[in-house]
Amino acid sequence: MGKFFYLCSAKRKDEPFMQNPVVPPLVHLQQMHDLLTKEYEYEKESYREQFERAGLERRIRQGMCWYPVRVGKSYYNSLNQLVVEVERWGSNKEVEHLFEYGRPVCFFSPASGAKLRYLGFSATISYVQDDVMVVALPSASALNDLLNATDIGVQLYFDETSYRTMFAALSEVMQAKNNRLASLREVLLGNVVPGVRQLFPIRFPWLNRSQEEAVNRVLAAKDVSIVHGPPGTGKTTTLVEAIYETLHRENQVLVCAQSNTAVDWISEKLTDRGVPVLRIGNPTRVNDKMLSFTYERRFEAHPDYAELWGIRKAIREIQSSLRKRSREERDTARNRLSRLRQRAVELELRIDASLFDEARVVASTLIGSANRLLTMRRFTTLFIDEAAQALEPACWVAISKAERVIFAGDYQQLPPTVKCFEAQRAGLDRTLMHDVALRHPEVVSLLNIQYRMHEDIMRFSSRWFYHGELQAAPEVCDRGILAWDTPVVWVDTEGLDFEEDQQDEGTSRINRREAELLVLQLQVYMEDIGKERILEENIDFGVISPYKAQVYYLRRLIKGNAFFKPFRRLITVHTVDGFQGQERDVILISLVRANEGGQIGFLGDLRRMNVAITRARMKLIILGDSATLIRHRFYRELFEYIRLKGKVVHLKT
């Protein structure tokens with residue numbers, strides 16, 4: 001236990017303040033409710049300001065708006081929702097967007113001046129792929145309004161539903177008495193010692209020792225277990241094995257994550273293992289494989305669906321013609337409607353029961369676990385993947401359906417997204433997983449063998465974030481691309497007058513000359529490797545910056561450089577958040593900040609930098625102004641580490 005207590009309780013002064021374990025559970029939950037209220041009010045006000053003040057072009061750049069769009073075909077889906085296809089076109093196709101399954105949207109047309117005229121309804125995204133989304137409409141009249149409008153755009157609408165779901169979950173857990181939810185509340189938030197079954201350990205020769213221990217702890221846990229997976233340590237492999245073994249003892253489990261992308265990833269891995277998965281909600285990774293295990297696709301594939309589809313069509317036809325009929329004909333039609341509806345309900349219930357009976361894993365986002373399809377369903381075990389990115393109130397939505405909970409993730413990587421600074425500072429971005437780890441370190445299993453990085457890339461992260469516990473597997477320990485290469489390099493831009501600029505009213509920053517230097521460094525390194533070898537071995541490259549404005553500028557530079565044209569599929573340029581869960585052979589990072597005051601902004605969130613520097617398998621190149629950055633202890637020690645273990649390149653004029 002000592003090792004795990006040290007891991008979870010030791011804290012650097014740079015780490016965020018964590019909850020005091022002596023706070024009573026109900027007091028803590030009320031605090032969470034109050035902080036979530038602050039976040040809700042802040043986000044709602046932000047959306048209102050964007051509607052009123054932000055221009056159309058800015059909303060497009062921020063990924064919150066598509067304009068113009070084409071309205072395509074409409075139809076009724078398997079859930080009997082009227083949906084319509086919407087396609088983005090024009091010059092804004094390459095802008096990244098925030099549209100995804102389940103988010104509400106509204107439609108508009110430009111009016112006089114800078115104002116927009118909004119259509120009088122909101123809709124919900126069914127799924128998005130590339131530049132096409134399918135939107136569920138509230139009524140047939142909404143479709144008519146859409147078809148009759150000209151010069152149409154669509155933008156994200158404030159998401160009340162997710163907040164209502166989280167508030168309801170917090171209220172339920174606070175009010176819980178004499179039931180399993182009340183017991184879990186006292187274990188997870190109080191000082192009740194988690195229960196453990198005495199099981200004979202199982203050997204898994206294909207796992208390493210820490211992974212094997214983690215799976216056995218999951219199987220033995222009566223209340224809670226945590227799989228702490230630092231970068232490259234096989235967290236997903238371990239979690240899939242734990243789920244697979246749990247299904248030898250239980251008929252069905254619930255698997256959740258904060259994002260659709262994370263749910264898709266774990267669902268795909270379980271499907272590869274041969275586990276029948278039922279995905280509630282449409283996937284972000286839209287392909288035939290992913291769609292094949294969604295509830296909607298399986299519903300449509302059921303033998304009874306053809307009859308149900310015919311009945312639904314008949315119901316709509318009768319409803320649309322009722323007014324044109326005589327009184328006697330209307331009475332006859334209503335009697336037929338009643339019989340058809342009853343039969344439709346019978347078929348829907350039968351198909352639904354069949355799909356859930358066949359599934360061993362039910363997968364959804366945390367908020368999606370409140371879907372009406374899961375109403376009244378309970379699960380012996382809940383697995384929460386990427387739990388360190390999940391807001392605590394969202395976790396309780398799913399926990400209310402389970403007898404025990406297994407968290408998996410890494411609280412030293414990206415935190416939950418909290419937009420209200422006051423709520424964040426007060427602790428809304430603290431995760432339930434981390435709080436449980438601090439309160440009950442005995443339930444934590446640290447995966448300590450990593451299979452991604454060269455040892456020199458791994459070592460600094462291991463020392464700073466994981467107390468030196470990580471080890472590089474022998475097969476990656478000394479792996480490199482070029483003979484006599486240096487795995488870690490810092491290109492120091494001090495003295496080059498590389499100035500950072502604000503973009504989008506100060507919400508993002510850009511350092512154009514540093515971006516241009518990074519692109520040059522990328523080209524030189526690729527030339528050293530050689531075109532033929534890069535293409536033959538599929539050596540891939542990642543370019544990371546914490547700032548969106550810098551990312552967009554880097555993309556334009558690379559796209560406009562003919563040298564990179566043959567390598568486009570092997571080069572990814574994204575923010576730190578966009579690289580979560582990914583890895584590349586070579587990573588270049590543009591830190592952007594360069595100012596006399598030593599201001600580094602949200603580079604001070606060290607968990608983001610942990611993600612950035614641990615994406616690289618064999619080569620890590622960091623570009624930054626040391627004079628600005630090393631005033632912060634983390635960057636000072638990183639700079640010194642690279643100076644000793646790697647190479648610092650000074651480019652002073």
Side-chain angles (χ1 to χ4, degrees), residues 29-30 32-54 59 62-66 79 81-84 86 97-108 116 118-128 133-139 141-142 145-146 153-175 256-260 263 280-282 284 364-375 389-398 400-401 416-424 428-429:
L29 288 165
Q30 184 59 55
M32 277 289 129
H33 188 282
D34 294 343
L35 294 178
L36 187 64
T37 300
K38 289 181 184 293
E39 176 74 359
Y40 165 76
E41 292 173 346
Y42 177 88
E43 190 170 359
K44 188 173 184 179
E45 178 64 17
S46 296
Y47 269 88
R48 187 189 66 79
E49 289 183 358
Q50 287 167 346
F51 269 93
E52 293 180 357
R53 301 179 188 175
R59 273 180 261 180
Q62 292 176 337
M64 302 178 63
C65 177
W66 282 4
L79 300 181
Q81 298 169 317
L82 176 59
V83 299
V84 63
V86 178
H97 62 79
L98 303 175
F99 294 93
E100 64 175 11
Y101 167 79
R103 300 198 69 174
V105 295
C106 58
F107 292 88
F108 64 85
L116 303 178
Y118 291 93
L119 304 189
F121 64 89
S122 62
T124 305
I125 299 173
S126 181
Y127 75 81
V128 184
M133 75 170 81
V134 175
V135 177
L137 300 174
S139 64
S141 62
D145 291 345
L146 197 55
V154 60
Q155 73 174 40
L156 289 172
Y157 195 61
F158 180 62
D159 188 2
E160 293 268 4
T161 303
S162 295
Y163 281 103
R164 285 199 300 267
T165 301
M166 288 188 284
F167 283 127
L170 288 174
S171 296
E172 182 180 1
V173 70
M174 283 191 283
Q175 295 168 12
C256 294
Q258 175 73 11
S259 69
N260 279 293
V263 178
I280 306 300
N282 281 325
T284 300
S364 75
T365 62
L366 291 164
I367 298 298
S369 67
N371 191 295
R372 62 175 181 81
L373 296 170
L374 298 180
T375 302
Q389 287 186 269
L391 288 173
E392 179 179 328
C395 290
W396 287 112
V397 176
S400 65
K401 298 180 177 297
T417 299
V418 177
K419 297 178 181 178
C420 174
F421 178 74
E422 184 180 351
Q424 180 188 37
L428 185 59
D429 67 342

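Note that the numbering runs from 1 along the sequence shown for the chain. What you see is a predicted model, and the numbers here were worked out from it, not measured in a lab.
- Atom-to-atom distance recorded for D429:CG and F421:CZ is 10.5 Å, nearest 0.5 angstrom.
- Taking CG of L119 as the start and CG of L137 as the end, the distance is 10.5 Å to the nearest 0.5 Å.
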Go through L35 and E392 one step at a time and tell me if the side-chain contact (heavy atoms from CB on, under 4.5 Å) criterion holds. CA-CA 11 Å; L35 294 178; E392 179 179 328; over 6 Å; no

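- Within a 6.0 Å radius of OH in Y157, no more than 12 heavy atoms belonging to other residues, nucleotides or ligands are found.
- Contact annotation: the side chain of L98 approaches that of R103 to within less than 4.5 Å [non-hydrogen atoms, C-beta and beyond].
- For the atom pair W66 CH2 and F107 CZ, the distance stands at 10.0 Å (nearest 0.5 Å).
- Panel note: side chain E39, backbone C420; a donor-acceptor pair is recorded below 3.5 Å.
- Between L366 and V397, the shortest heavy-atom distance links the atoms O-CG1, 3.4 Å.
- The distance from atom OG1 of T417 to atom CG of L391, rounded to the nearest 0.5 Å, is 8.0 Å.
- Side chain to side chain, E422 and Y42 fail the donor-acceptor criterion of an N or O pair below 3.5 Å.
- Under the side-chain contact (heavy atoms from CB on, under 4.5 Å) test applied with V135, the options V83, V105, L82, V128 reduce to a single match, V105.
- Among all heavy-atom pairs drawn from F99 and M64, the shortest one is CZ-O, 3.6 Å.
- Under the 4.5 Å side-chain criterion, counting only non-hydrogen atoms from C-beta, Y163 is in contact with E43.
- One finds the CD1 atom of I367 at 5.0 Å from the OG atom of S162 (value rounded to the nearest 0.5 Å).
- The CG atom of L116 sits 5.0 Å away from the CZ atom of R59 when rounded to the nearest 0.5 Å.
- Close placement of the F158 and Y40 rings is indicated, their centers lying within 6.0 Å of each other.
- Partners of E160 by salt bridge (Lys or Arg N to Asp or Glu O under 4.0 Å), not counting sequence neighbours, listed by chain and number: K44.
- Taking every heavy atom of both residues into account, A169 and P393 meet most closely at CB-O, 4.1 Å.
- Looking at K401, its side chain does come within 3.5 Å of a backbone N or O of L374 through a donor-acceptor pair.
- The shortest non-hydrogen separation linking L156 to Y47 is O-CE2, 4.1 Å.
- When all heavy atoms of I125 and Y101 are compared, the closest pair comes out as O-CD1, 3.7 Å.
- Contact of the W396 side chain with the M174 side chain is not registered, since no non-hydrogen atoms from C-beta on lie closer than 4.5 Å.
- Scanning all heavy atoms of the two residues, the minimum distance from S364 to S369 falls at OG-N, 3.4 Å.
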